[in-house]
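Notes follow the structure.
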Amino acid sequence: MFHIYCPYCEEHREEEEFHPRGQAHLQRPADPENCSDKEWGDYLFFRDNPRGIHHELWVHSVGCRKFFNITRHTANYEILETYKMGERPSITAETLAADERQSGVQAASGGWQTVGARPEDEALNTEARA
Amino acid sequence: MSEIREFDCRPNDQTGAESPLAWSFQRGPAPAADAQAGVTLRESAFMGHLILRGGAIVLDEAVREVLGINLPARPNTLAVDAKGERSIQWLSPDEWLILVPGGEEFVLEKALRHALGQAHFSLVNVSGGQTVITLRGPKARETLKKSTPYDVHPSAFPVGKGVTTIFAKTSLILRQPQADCWELIVRRSFADYVYRWLLDAAAEFGVTVERR
Ligand SMILES: [Zn+2]
């Protein structure tokens, strides 16, 4: 059992009080009548399944019953951030990659999976990341 | 004035009404009176419960005008009037629970609707759907610790706090309006279950049930 910070209750609550509701920030096609079957199918059925940072929609179903977003790491389950509906995440795969480049440390966010290993060959690393 | 049709849910004739725990009191387990009991349990039956929804800015003035209580804007807080009889609790950013002595709820509902006029809000009388169980005594906190994962330590749960949380595999509103007085607001259909759970959980501390 672990605790999740609800941005509306403004405190950590027991995981049991929450339910996940899948990928966050889905954009419904603005004009469903005139979008292609592929666009509509993508919206309706297809979801990302990344190894690394994932933005998810959760609901505090037993507490305030509000939906909110969680940025979670799918490999180590770490919750990096929770934020309200309508807000943008401050931590994304891109910001995390930039942080890593700056510190020269590899975190398990896709591409190279060795935590704490300093790459000997930067070119090789970029290749793996691409 | 609001165009909503209102009606008083509380019968004003002699129709017998039964509280959600009436059956449990009659048929269920009844611990013998015990002056040394660590936990004292009581049902505050037939209170007026209203759910008020809308934006805090819209509701605040009307609530203060009609009830004389400031709308609690901070999450998980509770505002009680000077007598300790009426209260408003934050349930979610746009939802509050108003608890008043039984019989006042319809008058209050009408007054609030009048004060709010055409504002965007919702007000529902849920008095029939839930009841209040109060828990007192030196072991009340211990009993709660056995029942909910929520931290009820004084540093985490001071007087004036109230939360909706998991309790004994069900959910309820847990609040502490005064020192050493816990209120559990349970749904009618779960009242008997929660009552039996509490009797069982508090048995080791000695438990007594106050009847009206
Ligand atoms: Zn919440």
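No experiment lies behind these values; they were computed from the predicted model shown. Note on naming: letters A, B, ... go to the chains in the order of the sequence lines (proteins, then strands), and numbering restarts at 1 for each one.
When every heavy atom of Thr170(B) is checked against every heavy atom of Val194(B), the shortest pair comes out as CG2-CG2, 4.0 Å. What you find for Ile69(B) and Ala79(B) is that their closest heavy atoms are CG2-CB, 3.5 Å.
Lys145(B) has a carboxylate O that lies under 4.0 Å from a charged side-chain N of Glu142(B), or vice versa, which qualifies the two as a salt bridge.
Side-chain rings of Tyr150(B) and Phe157(B) approach one another, their centers coming within less than 6.0 Å. Ring to ring, Phe7(B) and Phe106(B) are not that close: their centroids are 6.0 angstrom or more apart. Outside the 6.0 Å centre-distance limit, the rings of Trp90(B) and Tyr8(A) are not counted as a close aromatic pair.
Looking at Glu183(B) and Ser44(B), their side chains never bring a donor and an acceptor atom within 3.5 Å of each other. Side chains of Trp197(B) and Ser147(B): a donor on one and an acceptor on the other come within 3.5 Å.
Between Trp40(A) and Tyr43(A), the ring planes are tilted. Angles from 30° to 60° get that label.
No donor-acceptor distance shorter than 3.5 angstrom exists from the side chain of Glu100(A) to the backbone of Ala98(A), with no hydrogens or angles considered.
Close approach to chain B, defined as a heavy atom under 4.5 Å from one of its heavy atoms, is seen in Glu14(A), Glu16(A), Glu17(A) of residues 14-32 of chain A, taken by number. Taking non-hydrogen atoms and a 4.5 Å limit, the residue list of residues 63-71 of chain A in contact with chain B, ordered by number, reads Gly63(A), Cys64(A), Arg65(A), Lys66(A).
Leu91(B) touches chain A through its backbone: at least one of N, CA, C or O sits under 4.5 Å from a heavy atom, while the side chain does not.
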